[in-house]
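Worksheet: one structure, shown below.
Quantities reported herein were computed from a predicted structural model and do not represent experimental measurements. Letters go in sequence order (proteins before strands), and every chain restarts at 1.
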Amino acid sequence: MRYSNAFIPTLREEPQDAENISHKLLVRGGFIKQLSSGIFIFLPVGWKVISKIYRIIKEEMDRIGAQELFMPSLTPSQIWKESGRWEEYGDDMLRVKDRKNREYALSPTHEEIITEIARKHIHSYKDLPQIWYQVQTKFRDELRPRGGLLRVREFLMKDSYSLDESWEGLDRSYELHKQAYIRIFKRCGLKFVHLRASSGLMGGSLSEEFAIISDAGEDEVAICENCGYSANLEVAISKVPNYAISKYDEFKKVYTPDKTTVEELAEFLKIGKEHIIKSLVYYVNNKPYLVLIRGDYEVNEEKLRKIIGNFQYATDEDILSLGSYPGFIGPHNLNIEIISDESIKHMDDGIIGANEKDYHYIGYKINFDRYYDIRKVKEKDLCPECGKEISIKRAIEIGHIFKLGTRYSISMGAYFQDKDGSLKPIIMGSYGIGLGRIMSGAIEIYNDENGIIWPISIAPFEAVIIDILGNNFASEIYEKLRNEVDILLDDRKDISAGVKFNDADLIGIPFKIIVGKKFNEGKIEVQRRDKTAVYEVNINQAVDTIKKIILDERRKFEI
RNA sequence: CGGGGUGUAGCGCAGUGGUAGCGCGCUUGGCUUGGGACCAAGAGGUCCCGGGUUCAAGUCCCGGCACCCCGACCA
């Protein structure tokens, strides 16, 4: 590509509405442009990056025997009603009506459509296993899109689906995906972790997540530096450091005026939060539960949901009707089912609400039949596997793999006939990768004060020739290189050298080939974007040397 | 949905009820070419939208819309 013909609208100033680095650099580099909240245009260089990510994904999916297909975005409400997700998905699912008033969803994911194909065409164990994938636009009507490409309403996702005749088959398909994903992210040059995760709305048994550790991320993950345990905070578990030694030997009521929060109470009683038992009321179908957790922990509502089901929060009126008082509720003499977290098991005694205004009990002896794990893991909790301290970090989710099982095959009737003649539901898995998140995640990892530093495997160009002299040489080597190297020739006239350097760095092209002042000495210069090296090359060996440098760089991302 | 903020030239922003501004970018001419040069002359406006107050509204009041941030929500 000649720069003089290219459309790369770089911006000198930061866009006012961008917050994180990847968003700013994507906009400044002319990669993307926002059309509406959470909806982006990929401009030509942005689309080149996406295309390169796509090609890597395709090669690795094909390598595990997956077959590419393409499903529509606009999908009839009927199949979503069959699976039950027409209701479950709620407002995140973007719904539209056609001229005949029929309902459709702009698909947030494609399990239902895959299942529709499977139930129509898969009838025998001989038809299995299958892995089908596509790269397609997904729609999720996020309440609050944010962070440029990190959380958007319309996004590109590679989604694949495995169909197997047995659970062992699913294990194999799942493992194949895991290996393919590791290869994909390595070839994209990413530093990533993989995590235990929650399957949420997808249903199913096991799920793992691939993520880039970055403050720009929205997921919180628990990581053990010692043994490598890593999990999304939604499902992370930990051992509780046991430091809640008894302070009181007597059970008695104390006056605690207006101390309705753990913080206020701890300060008032001059005692650590870990000596207080926090009591929270949740309702499931009008049945109240009292959830007890140590004062220095928060409830992980995802975990709680798995135990008691979908819940609502109690109102102040609810708490009064239970015979207690808001801010002073506690387990003593309250007729209600109790869900107590493991964190209170190790307390000798605790401070609890007295169920009357302005009073708490101290010295409450802990004695419950059962304890559950419903707390959110926090920094310095102990690793469940090796006992060392855990740290909490933010992360960008870039891939997620699920063992779905029979959730869709049973609800939608996708059965096959097995060897013994019996009818069995197809065992399914589903596996996603966010292409835009790879793109912005890479930028979050690789950038400096001048702009993006792309890994060569996903860079919009592998090299740029910066022609400062305007003689024929730059154009000559460009013509000789362009068939083998994805190269940009900056042939713009009447533009100062500084602008060319700055654009090249902003866009993040891995190599700059500079035809400038050294040309009179018979040399050109090759600079690495990551600033780790500069090479001087004889002009009569320029083409071969540049080819070699680029090929060597490419090889670093092949595995 | 709650809280906070923004909306004026392509981008970034200033603007005190009284003539619509600055920097960058853009066009033309000149000069320059190793890190976002310089000189000169230009073009470019629904001041987010609608109503109101006023002799007069970018500015004050009311209503709406869009976008951003924090939270809630979602995965």
Inset, instruction - Can you figure out which of B:G35, B:A37, B:C67 approaches the side chain of A:Ser496 most closely? - result: B:A37

Inset, instruction - Could you tell me whether the side chain of A:Arg28 has a donor or acceptor atom within less than 3.5 Å of a complementary atom in the base of B:G36? - result: yes

Inset, instruction - Just call it for A:Gly147: base, sugar-phosphate, or nothing, with non-hydrogen atoms closer than 4.0 Å on any strand. - result: sugar-phosphate

Inset, instruction - Could you check A:Phe40 against A:Arg146 and say which one's nearest nucleotide on RNA chain B is further toward the 5' end? - result: A:Phe40

Can you tabulate the close N/O pairs, meaning under 3.5 Å, that link protein atoms to atoms of nucleotides 41-48 of chain B?
none

Inset, instruction - Report, as yes or no, whether the 6.0 Å neighbourhood of atom CG on A:Asn286 holds more than 12 heavy atoms from other residues, nucleotides or ligands. - result: no

Inset, instruction - Sticking with atom P, work out how far B:C13 lies from B:C48, rounded to a whole angstrom. - result: 15 Å

Inset, instruction - Please state the P separation for the pair B:C73 and B:G5 - nearest whole angstrom. - result: 24 Å

Inset, instruction - To the nearest 0.5 Å, tell me how far A:Leu489 CG sits from A:Phe461 CZ. - result: 10.5 Å

Legend entry - Whole angstrom value for the distance that separates C1' of B:C38 from CD1 of A:Ile495: 16 Å

Inset, instruction - Have a look at A:Asn502 and say if it touches a base, only the backbone sugar-phosphate, or nothing, with a 4.0 Å heavy-atom cut-off. - result: base

Legend entry - Nearest-Å distance once atom C1' is located in both B:G42 and B:U53: 40 Å

Legend entry - Salt bridge A:Glu142-A:Arg151, side-chain N to carboxylate O under 4.0 Å: yes

Legend entry - Whole-Å gap separating P (B:C69) and CG (A:Leu143): 14 Å

Inset, instruction - Indicate, with a heavy-atom threshold strictly under 4.0 Å, whether A:Asp494 touches base, sugar-phosphate, or nothing. - result: base

Legend entry - Residue whose nearest RNA chain B nucleotide is more 5′ - A:Val499 or A:Glu142: A:Val499

Inset, instruction - Write down the distance between CG (A:Asp91) and P (B:C1), rounded to a whole number of angstrom. - result: 10 Å

Inset, instruction - Tell me whether the OP1 or OP2 atom of B:G25 has a side-chain N or O from A:Arg12 closer than 4.0 Å. - result: yes

Legend entry - A:Glu13 side-chain proximity, nearest of B:G12, B:C69, B:C67: B:G12

Inset, instruction - Look at the side chain of A:Ile514 and decide which nucleotide, out of B:G34, B:G23, B:C13, has an atom nearest to it. - result: B:G34

Legend entry - Side chain of A:Gln34 - closest among B:C67, B:C69, B:G36: B:C67

Inset, instruction - Could you check which nucleotide pairs with B:G36 in any of the strands shown, counting Watson-Crick or G-U wobble with both distances under 3.5 Å? - result: none

Legend entry - Electrostatic pair A:Glu209:A:Arg196 at N-O distance under 4.0 angstrom: no

Legend entry - Whole-angstrom distance between B:C74 and B:G64, as gauged at atom P: 28 Å

Inset, instruction - Have a look at A:Asp505 and tell me which of A:Lys500, A:Lys531, A:Lys512 forms a side-chain hydrogen bond (donor to acceptor under 3.5 Å, both in side chains) with it. - result: A:Lys512

Inset, instruction - Kindly point out which of B:A75, B:G36, B:G34 is positioned nearest to the side chain of A:Lys518? - result: B:G34

Inset, instruction - For B:A37 versus B:G44, give the span between their C1' atoms, rounded off to a whole number of Å. - result: 24 Å

Inset, instruction - Please determine, for B:A72, whether a Watson-Crick or G-U wobble partner exists with both distances under 3.5 Å, and give it or none. - result: none

Legend entry - Distance-only donor-acceptor test, A:Glu234 side-chain atoms vs B:A75 base atoms, 3.5 Å: yes

Inset, instruction - Could you measure between the two C1' atoms, the one in B:G58 and the one in B:G17, and give it in whole Å? - result: 11 Å

Legend entry - B:A75 OP1/OP2 closer than 4.0 Å to side-chain N/O of A:Arg140: no

Legend entry - A:Asp219 CG to B:A75 C1', straight-line distance once rounded to whole Å: 8 Å

Inset, instruction - May I have the distance from A:Asp490 (atom CG) to B:U33 (atom P), rounded to whole angstrom? - result: 17 Å

Inset, instruction - Round to a whole Å and report the spacing from CD of A:Glu521 to P of B:G34. - result: 14 Å

Legend entry - Point-to-point distance, once rounded to the nearest 0.5 Å, from NZ of A:Lys523 to CD1 of A:Ile514: 15.0 Å

Inset, instruction - Using the P atoms only, state how far B:G52 lies from B:C11, rounded to an integer number of Å. - result: 31 Å

Legend entry - A:Asp381 side chain to A:Lys378 backbone, donor-acceptor under 3.5 Å: yes

Inset, instruction - Could you tell me the separation between the CZ atom of A:Arg153 and the P atom of B:A75, rounded to a whole number of Å? - result: 17 Å

Inset, instruction - Give a yes or no on whether a salt bridge exists between A:Lys278 and A:Asp296, defined as a side-chain N under 4.0 angstrom from a carboxylate O. - result: no

Legend entry - Heavy atoms from other residues, nucleotides or ligands near CD of A:Glu103 exceed 12 (cutoff 6.0 Å): yes

Inset, instruction - With heavy atoms under 4.0 Å as the rule, sort A:Glu209 into base, sugar-phosphate or nothing. - result: nothing

Inset, instruction - Take the protein atom CZ of A:Arg151 and the nucleotide atom P of B:G71, then report the distance between them rounded to whole Å. - result: 12 Å

Inset, instruction - Counting Watson-Crick and G-U wobble pairs only, both distances under 3.5 Å, name the nucleotide matched with B:C67, or none. - result: B:G5

Inset, instruction - Take atom CG of A:Asn285 as the centre, draw a 6.0 Å sphere, and report whether it contains more than 12 heavy atoms from other residues, nucleotides or ligands. - result: no

Inset, instruction - Would you classify A:Leu506 as touching base, sugar-phosphate or nothing, given that sugar-phosphate means primed atoms plus P, OP1 and OP2, and contacts are heavy atoms under 4.0 Å? - result: base

Legend entry - Residue A:Ser37, side-chain heavy atoms: nucleotide from B:C68, B:G36, B:G35 that is nearest: B:C68

Legend entry - Proximity to the side chain of A:Lys517 - top-ranked nucleotide from B:C67, B:G35, B:G34: B:G34

Inset, instruction - Pick the C1' atom in B:A9 and in B:C26, then give their distance to the nearest Å. - result: 11 Å

Inset, instruction - Pick base, sugar-phosphate or nothing for A:Lys493, based on heavy-atom distances below 4.0 Å to the nucleic acid. - result: nothing

Inset, instruction - Can you check whether any acceptor in the base of B:G36 is under 3.5 Å from a donor in the side chain of A:Asp503, or vice versa? - result: yes

Legend entry - Under 3.5 Å on both distances, the Watson-Crick or G-U partner of B:A43: none

Legend entry - Selection from B:C74, B:G35, B:G12 that lies nearest to any side-chain heavy atom of A:Gln16: B:G12

Inset, instruction - Could you point out which residue of A:Arg85, A:Gln78, A:Met71 forms a side chain to side chain contact (heavy atoms under 4.5 Å, CB included) with A:Glu112? - result: A:Arg85

Inset, instruction - Please determine, for the side chain of A:Phe501, which listed nucleotide (B:C70, B:G35, B:C67) has the closest atom? - result: B:G35

Inset, instruction - Could you please name the option among B:G34, B:A72, B:G36 that lies closest to any side-chain atom of A:Glu525? - result: B:G34

